[in-house]
Amino acid sequence: MPVPSQSEVSVHQTNVPATAGVYTALYDGQCEICQAFVSWLRVLDKRHRVTSTPISAEALQQLGKELDLTACLRQLHVIRPEGRIEVGWDAVACLARLFPATWVIGTLGRIPPFRQLGRLAYGFVAANRYSLSKCRGGACSVARPALVRRRATLGAFWSCYTLGLLLRLPLVIWTALADAWGRVRIFFSTWGRRLDLLHGKLTILFLSGPCPNLVPLIFGELFTALLYDGVAIDPGSPKMRASLRRHLRGIRPGTICAVVGTHHHEEHIGNLDWLAGQAGVKVHVPEKTARLLQPPSRLPFARRLIIGQPPALNAKAEFLESCMPTAHGRLQVIHTPGHCDDHISLYDPEEKLLLAGDAFMGAYFATPNPDVDSRKWVETLERLLELDIEILVEGHGHIHSLRPDIPFIRGVVTREDPRAAIEEKLRYLRWLREQVESGFREDMPVRAIEATCFPWGKRHAWETFANDELIRALTLGHFSRTELVRSFVRSGESVLPVVYEVRFHEGPPTDGRES
Ligand SMILES: [Zn+2]
């Protein structure tokens, strides 16, 4: 969700009623960062010049109807005693001027260039605070006696869990280093490569770019564009375009008959229109994907920096129906929600080949993005098991097959029955579902439920610990093990809304707020 520029919303006159001499700070009561800000405010405000009010529709109604709920959730709003509203950084500076300890900050914060710098810094935090402050629904701040009691008994659990980690720490570090080396080797062995399989029917183009290359090196996820019987699938992001262009030089003109996007994620769809223009063909996407890309919402900072913000999709894109014609046949289009709501996979019944996209990203995947719905994913995998699959191609270039006409390639082809791979993932997701459900039934805090999903007794829990935590840190919590727990408690038919929309619809917490 973009933060409007300060000039759009900065200071405006209003007839909002305000208590004489008292400033009113409107803050997001479900945001850990905003709550910490209020804690500081309460320490500094010895003369009780500021009232802090958590935002709710009712609170805004009482204050005045021209205060927009979304705008208030997006940035701090301060109503001055005379009724003027200060927004964002200007609101922070306005409050800072009230107290001797912060007066200098507040005063400098009003004059250039400090004002502009303050606005920049504030804008960054405001845009990313939901990644940093993940307590959706305010569950962590809701003080319930049963929950407090439960937490007390969790002492033993945490000491045990911590000990388990400490005892394995040398192993954790060793595995992390070995995995990092493995990722580097696979990256360089696939860099810029083109892989022709099934007598040229299936081509994998490995994509790269200076910033995107960080992902295969740190996360181990490869970037690819697929070419299947003339259909180009998921041709990467604009930051990978140069490598795609290089690949195109080696492809005979007229080979590509259509361009398809499997879902709206930026590393798959940023070149759809560009490639279609180069090949002189049409773009085909699911209708939901088209809606999400006209225009696409602004990505969080880390994803924007590394993968790149995709352009808006051309409105002339065709919607995928149940079947997608290829150069010599056709592919079945299968709706496969779970990884995200608009996801589709493509199946060739003749070849018994499934182009799964991101509907299959390895049997074990611990750091999903915030629009994964694992319950839907379980249903999707159950449906995929009904298909006769001999070759499973993932959206990031990995292939699972036992077929002799698919050669073994280290880091790309896994000699494994695709059915067994799907079944293993299903077992893992069902087990996670059980852990999460029983955790919530027992009223455990989310952090503890997360820990029960990664018991040290299961090898993958400590083997990937260092990498998972690195991913969490580098993406400001956007991709994390915590998201895996949350991915089981999502609901609703529509594409998942942004964080504060989810929280707002659930209603504000009623008690236990910081006092
Ligand atoms: Zn994806």
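Values in this document were obtained by computation on a predicted structure and should not be read as measured data. Note that ligands are numbered from 1 as they come in the structure, with each ligand's atoms numbered from 1 the same way.
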Selection residues 410-424 - residue pairs positive for side-chain hydrogen bond (donor to acceptor under 3.5 Å, both in side chains), sequence neighbours left out: His400-Glu416
Between Glu450 and Arg472, is there a side-chain N and carboxylate O pair less than 4.0 Å apart? yes
Listed once per pair and sorted, the ring pair (Phe, Tyr, Trp, His ring centres under 6.0 Å) pairs that draw on residues 332-351, sequence neighbours left out: His263-His339, His263-His343, His265-His339, His339-His343, His339-Trp377
Sorted by chain and number, protein N/O/S atoms nearer to the Zn ion (ligand 1) than 2.8 Å are His263 NE2, His265 ND1, His339 NE2, Asp358 OD2
Does a donor on one side chain sit under 3.5 Å from an acceptor on the other, for Asp196 and Thr203? yes
Taking the ring centre of each residue, are Phe301 and Phe124 less than 6.0 Å apart? yes
Do any pairs count as a side-chain hydrogen bond (donor to acceptor under 3.5 Å, both in side chains) and have a residue in residues 269-278, sequence neighbours left out, and if so which ones? Arg241-Asn271
